[in-house]
*Asks:* 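Would you mind keeping the following structure in view while I ask a few things?
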Protein chains: 2
Amino acid sequence: MTTNHGIGTETSGCGGDEQLPFDVFARNCPSRETLANVTGRWGSLTLGALHEDTLRFNELRRRVEGVSEKMLAQTLHALERDGLVHREAQPTNPPRVDYRLTALGREVTGRLMGLIALLEERMPEILAARGRYDTERGETR
Amino acid sequence: MTTNHGIGTETSGCGGDEQLPFDVFARNCPSRETLANVTGRWGSLTLGALHEDTLRFNELRRRVEGVSEKMLAQTLHALERDGLVHREAQPTNPPRVDYRLTALGREVTGRLMGLIALLEERMPEILAARGRYDTERGETR
DNA sequence: CAGTATCCGAACGGATACTG
DNA sequence: CAGTATCCGTTCGGATACTG
């Protein structure tokens, strides 16, 4: 797309009241926040885990290796708020809460996984590039 | 559970010496770092800017609205190290340095832009979900 | 089980000053 | 122009303890 993304424009009405399209390159566009939620450290892994299964809180904790309770809760809140994840609590005892992707969440996660798959596929090239960079530029660290 | 992504496995040999595929869900997989570089706050915007043009340092600074010198330099180093961006310095005076995407960088950026485009397209739904979430859950926080 | 609350160190990130 | 170095406040994020 060779259109102007408005990267350098200060006038970021960006989708709100105007008919301007949303634009992550615009400084105050809410899409920036969603992008961060989706691609953030735990957001992408959480979506990835839910891409395969409906999961409960502690199941997610076990599957997303390394995430803390705090971060998982925070991540799930953000994704739920953006309408990408659906939370369903059964009023049983002990409590049971299921998390699953919404329709929109599945679409977004699909593209996200596409990006991830490409990176994983090309990691050999990337590691080779790193090796070159690290030897050319001083190892002197 | 359909396919095991190894999310919960501690044994993350992950591509290194073994024949295991790279896996962002594995704790120590180097692909996690690359994913962070690509999707990070300034990484995605920098790649997006270079998707359209070869640019010099200060041109990039102006196009990626809001980035500081420090962050732009840091971001470019990381992307160059991963072999996604190529840096070419002319030994002139004053110095001139051009940044452009590598072939791999163009592929990665393509998918990244696909994700971004979807999010931008669906922002109305996302904002609606936010509105619902914020009113249902107490404003009383 | 499914979270919330708190503490605190580490990392992020902006502003400024300086170098080649 | 193209960066590096430094200072320093803000946020991130893990460990722990506690609630319903």
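Chain letters run A, B, ... following the sequence lines, proteins first, then strands; residues in each count from 1.
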*Asks:* Calculate the interatomic distance between B/Arg96 atom CZ and D/dG3 atom C1'; express it in whole Å.
*Replies:*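 After rounding, the reported distance stands at 16 Å.
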
*Asks:* For a quick test of reading the model: is some side-chain N or O of A/His77 closer than 4.0 Å to OP1 or OP2 of C/dT4?
*Replies:*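 A/His77 to C/dT4 OP1/OP2: side-chain N or O found under 4.0 Å.
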
*Asks:* Looking at A/Thr102 and A/Gly83, would you say the former's side chain and the latter's main chain have a donor-acceptor pair under 3.5 Å?
*Replies:*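 Looks like yes, one N/O pair under 3.5 Å.
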
*Asks:* B/Asn58 has an atom CG; how far is it from atom P of D/dG3, in whole Å?
*Replies:*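 After rounding, the reported distance stands at 9 Å.
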
*Asks:* How long is the line joining CZ of A/Phe57 and P of C/dT4, in whole Å?
*Replies:*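 About 8 Å, once rounded to whole Å.
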
*Asks:* Please determine whether a side-chain nitrogen or oxygen atom of B/Tyr99 lies at a distance below 4.0 Å from atom OP1 or OP2 of D/dG3.
*Replies:*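 Result: yes.
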
*Asks:* Considering residues at least two apart in sequence or located in another chain, which fulfil the side chain to side chain contact (heavy atoms under 4.5 Å, CB included) criterion with B/Arg41?
*Replies:*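 Expected list: none.
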
*Asks:* Just call it for B/Arg61: base, sugar-phosphate, or nothing, with non-hydrogen atoms closer than 4.0 Å on any strand.
*Replies:*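 Here B/Arg61 touches no strand at all.
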
*Asks:* Which dot-bracket notation, 5' to 3', represents the base pairing of DNA chain C when pairs are defined as Watson-Crick or G-U with both distances under 3.5 Å, crossing pairs as [ ], and inter-strand pairs as |?
*Replies:* ||||||||||||||||||||

*Asks:* Is a side-chain N or O of B/Arg111 found less than 3.5 angstrom from the main chain of A/Gly114, in a donor-acceptor match?
*Replies:*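 Indeed, once roles are kept as given, a pair shorter than 3.5 Å links the two residues.
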
*Asks:* Mind checking salt bridge (Lys or Arg N to Asp or Glu O under 4.0 Å) for A/Glu125 and listing every partner two or more places apart, or none if nothing turns up?
*Replies:*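 By the salt bridge (Lys or Arg N to Asp or Glu O under 4.0 Å) rule, A/Glu125 matches A/Arg122.
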
*Asks:* Once salt bridge (Lys or Arg N to Asp or Glu O under 4.0 Å) is applied, do any residues pair with B/Arg81, and if so which ones, sequence neighbours excluded?
*Replies:*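 Expected list: A/Asp134, B/Glu33.
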
*Asks:* Looking only at atom types and distance, does a side-chain atom of B/Gln74 sit under 3.5 Å from a main-chain N or O of B/Met71, one as donor and one as acceptor?
*Replies:*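 No; zero donor-acceptor contacts below 3.5 Å.
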
*Asks:* Taking A/Glu121 for its side chain and A/Leu118 for its backbone only, find out whether a donor-acceptor pair lies under 3.5 Å.
*Replies:*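 No; zero donor-acceptor contacts below 3.5 Å.
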
*Asks:* Output the rounded distance in Å from CG (B/Asp98) to C1' (D/dG3).
*Replies:*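 My rounded result for the distance is 15 Å.
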
*Asks:* Once you round it to whole Å, what is the distance between C1' of D/dA2 and CD of B/Glu59?
*Replies:*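 Distance, rounded to whole Å: 12 Å.
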
*Asks:* Can you give one letter per nucleotide of nucleotides 11-17 of chain D, 5' to 3': B if a protein heavy atom sits under 4.0 Å from the base, S if only from the sugar-phosphate, - if neither?
*Replies:* --BBB-B

*Asks:* Hey, does the side chain of A/Arg56 come within less than 4.0 Å of C/dC1's phosphate (OP1/OP2), counting only N and O?
*Replies:*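 Looking at the OP1 and OP2 atoms of C/dC1, neither is under 4.0 Å from any side-chain N or O of A/Arg56.
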
*Asks:* What pairs of donor and acceptor atoms, side-chain ones from residues 89-100 of chain B against any protein atom, are under 3.5 angstrom apart with sequence neighbours left out?
*Replies:*
from, atom 1, to, atom 2, distance (Å)
B/Thr92, OG1, B/Pro94, O, 2.9
B/Tyr99, OH, B/Arg87, NE, 3.4
B/Arg100, NH2, B/Glu88, OE1, 3.1

*Asks:* Decide whether B/Arg130 and A/Thr34 meet the rule of one side-chain donor and one side-chain acceptor closer than 3.5 Å.
*Replies:*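 Yes.
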
